[in-house]
*Asks:* 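This is the structure I want to talk about, given as structure tokens.
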Amino acid sequence: WLFLFSNRLVFGMLYPAYYSYKAVKTKNVKEYVRWMMYWIVFALYTVTETITDLTVSWFPLYYELKIAFVIWLLSPYTRGASLIYRKFLHPLLSSKEREIDEYIVQAKERGYETMVNFGRQGLNLAATAAVTAAVKSQGAITEKLRSFSMHDLTTIQGDEPVGQRPYQTLPEAKKKTKGSASESSG
């Protein structure tokens with residue numbers, strides 16, 4: 001399976017990508033057209049393959065047939081992509097082009113509206129989460145403070161700034177102050 005996947009990757013994507021690069025580099029319009037037809041057919045093939053892989057992958061030699069089909073698409077001898085594009089895809093796309101363009105415009109508008117609504121919902125969710133977190137944290141602080149009694153809060157030393165601490169006089173300090181005041185007056 002890995003061997004088949006790597007072959008599809010090399011033959012279906014890398015080889016055509018390189019030759020598309022060469023067509024762009026040489027500015028050969030004929031090669032441009034050839035590789036653009038290939039990429040259109042390959043894109044359709046990839047979409048179809050995604051659906052059929054889910055339903056038909058049990059079929060014997062299914063993966064080998066897929067590799068052979070990709071080689072047939074890009075072969076310069078069979079020009080399979082050109083054949084499929086000119087016989088089927090071009091007529092189909094030409095007849096449905098207006099409807100496809102209208103659908104794409106509607107999808108873009110719906111996509112823009114969806115992104116705006118998604119952004120609005122995201123902002124509402126973030127705002128709600130922020131308010132909820134703020135309320136919960138406020139409640140936690142209140143509960144923490146309620147757990148202390150008023151006596152507990154007044155006995156906590158060192159919470160106030162140094163310049164604002166209440167001045168407490170000790171009885172010995174008062175006596176010394178009175179004694180030194182009477183000596184200095186006498």
Side-chain angles (χ1 to χ4, degrees), residues 1-140:
W1 184 84
L2 184 62
F3 172 75
L4 295 173
F5 177 75
S6 63
N7 280 336
R8 179 179 166 266
L9 184 66
V10 170
F11 289 119
M13 293 182 187
L14 293 179
Y15 175 83
Y18 181 72
Y19 277 93
S20 298
Y21 155 77
K22 289 188 75 93
V24 169
K25 184 178 173 185
T26 61
K27 298 178 181 151
N28 183 341
V29 175
K30 189 175 181 181
E31 287 297 304
Y32 271 22
V33 172
R34 175 180 176 222
W35 288 111
M36 284 303 295
M37 286 190 283
Y38 171 80
W39 287 114
I40 293 167
V41 171
F42 189 77
L44 180 67
Y45 163 74
T46 303
V47 170
T48 306
E49 175 192 35
T50 303
I51 296 166
T52 59
D53 275 355
L54 299 173
T55 57
V56 192
S57 62
W58 56 268
F59 191 76
L61 301 175
Y62 173 71
Y63 293 102
E64 290 81 0
L65 290 172
K66 285 181 9 178
I67 296 296
F69 180 72
V70 169
I71 292 171
W72 177 79
L73 284 178
L74 62 88
S75 171
Y77 302 109
T78 60
R79 297 192 181 257
S82 177
L83 179 72
I84 289 176
Y85 179 82
R86 289 191 175 141
K87 295 283 184 182
F88 302 106
L89 282 180
H90 184 76
L92 177 68
L93 292 173
S94 294
S95 67
K96 303 287 184 185
E97 188 171 0
R98 176 174 284 145
E99 296 161 14
I100 293 169
D101 288 341
E102 289 173 4
Y103 178 78
I104 290 171
V105 168
Q106 290 173 359
K108 283 181 182 178
E109 289 172 358
R110 277 189 252 128
Y112 175 75
E113 291 170 9
T114 301
M115 290 307 295
V116 167
N117 288 336
F118 182 72
R120 190 177 297 131
Q121 289 174 355
L123 287 175
N124 288 339
L125 182 64
T128 303
V131 169
T132 302
V135 168
K136 284 183 178 179
S137 66
Q138 181 66 30

*Asks:* Looking at Arg98, I want to see if its CZ is surrounded by more than 12 non-hydrogen atoms of other residues, nucleotides or ligands under 6.0 Å.
*Replies:*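 Result for CZ/Arg98: open.
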*Asks:* For residues Thr50 and Leu54, report the shortest heavy-atom separation together with the two atoms involved.
*Replies:*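 Of all heavy-atom pairs spanning Thr50 and Leu54, the closest is O-CG, 3.6 Å.
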*Asks:* Does Tyr103, at its OH atom, have more than 12 non-hydrogen atoms belonging to other residues, nucleotides or ligands within less than 6.0 Å?
*Replies:*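 Counting other residues, nucleotides and ligands, OH of Tyr103 stays at 12 neighbours or fewer.
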*Asks:* To the nearest 0.5 Å, how far apart are OG1 in Thr48 and CD1 in Ile51?
*Replies:*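 Reported to 0.5 Å precision, the distance equals 6.0 Å.
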*Asks:* Of the non-hydrogen atoms in Glu64 and Leu61, which two are nearest, and what is the gap between them?
*Replies:*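 Scanning both residues completely, I find the closest heavy atoms to be OE1-CA, 3.1 Å.
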*Asks:* So how far is it from Lys25 NZ to Ser20 OG, rounded to the nearest 0.5 Å?
*Replies:*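 With rounding to 0.5 Å, NZ (Lys25) is 14.5 Å from OG (Ser20).
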*Asks:* More than 12 foreign heavy atoms under 6.0 Å from OH of Tyr32: is that the case here?
*Replies:*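 Yes.
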*Asks:* Do you know the tightest heavy-atom contact between Pro16 and Leu74?
*Replies:*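 Residues Pro16 and Leu74, closest heavy atoms: CG-CD2, 3.8 Å.
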*Asks:* Given side chains that start at C-beta, do those of Asp53 and Lys66 come closer than 4.5 Å, heavy atoms only?
*Replies:*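 When only atoms from C-beta onward are counted, Lys66 and Asp53 do touch, with a gap below 4.5 Å.
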*Asks:* Which one of Ile71, Leu65, Val70 satisfies the side-chain contact (heavy atoms from CB on, under 4.5 Å) criterion with Ile67?
*Replies:*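 Running side-chain contact (heavy atoms from CB on, under 4.5 Å) over Ile71, Leu65, Val70 with Ile67 returns exactly one hit, Ile71.
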*Asks:* Where does the angle between the aromatic ring planes of Tyr38 and Trp35 fall among parallel (under 30°), tilted (30 to 60°) and perpendicular (over 60°)?
*Replies:*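 Judged by the thresholds at 30° and 60°, the geometry between Tyr38 and Trp35 is perpendicular.
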*Asks:* Once rounded to the nearest 0.5 Å, what's the spacing between atom OG1 of Thr52 and atom OH of Tyr45?
*Replies:*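 Spacing of OG1 (Thr52) from OH (Tyr45) equals 7.5 Å.
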*Asks:* Starting at CH2 of Trp39, measure out to CG of Leu44 and round the result to the nearest 0.5 Å.
*Replies:*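 Answer rounded to 0.5 Å: 14.5 Å.
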*Asks:* Under a 4.5 Å cut-off applied to non-hydrogen side-chain atoms, are Met37 and His90 in contact?
*Replies:*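 The answer is no, as the side chains (C-beta and beyond) never meet within the 4.5 Å cut-off.
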*Asks:* Taking side chain as C-beta onward, heavy atoms only, is Tyr85 less than 4.5 Å from Val33?
*Replies:*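 Tyr85 vs Val33: side chains apart.
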*Asks:* Distance from Leu73 atom CG to Leu83 atom CG, nearest 0.5 Å?
*Replies:*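 Taking CG in Leu73 and CG in Leu83, the distance rounds to 10.0 Å.
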*Asks:* Quick one: pull up CE in Met36 and OG in Ser82 and give me the separation to the nearest 0.5 Å.
*Replies:*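 Spacing of CE (Met36) from OG (Ser82) equals 13.5 Å.
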*Asks:* Could you tell me whether the side chain of Val105 reaches within less than 4.5 Å of the side chain of Glu102, counting heavy atoms only?
*Replies:*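 Side chain of Glu102 against side chain of Val105, heavy atoms only: no contact under 4.5 Å found.
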*Asks:* Any chance CZ of Phe69 has more than 12 other-residue heavy atoms, nucleotides or ligands included, within less than 6.0 Å?
*Replies:*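 Yes, enclosed.
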*Asks:* Is Arg34 salt-bridged to Glu31, going by a charged N under 4.0 Å from an acidic O?
*Replies:*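 Salt bridge flag = yes for Glu31 with Arg34.
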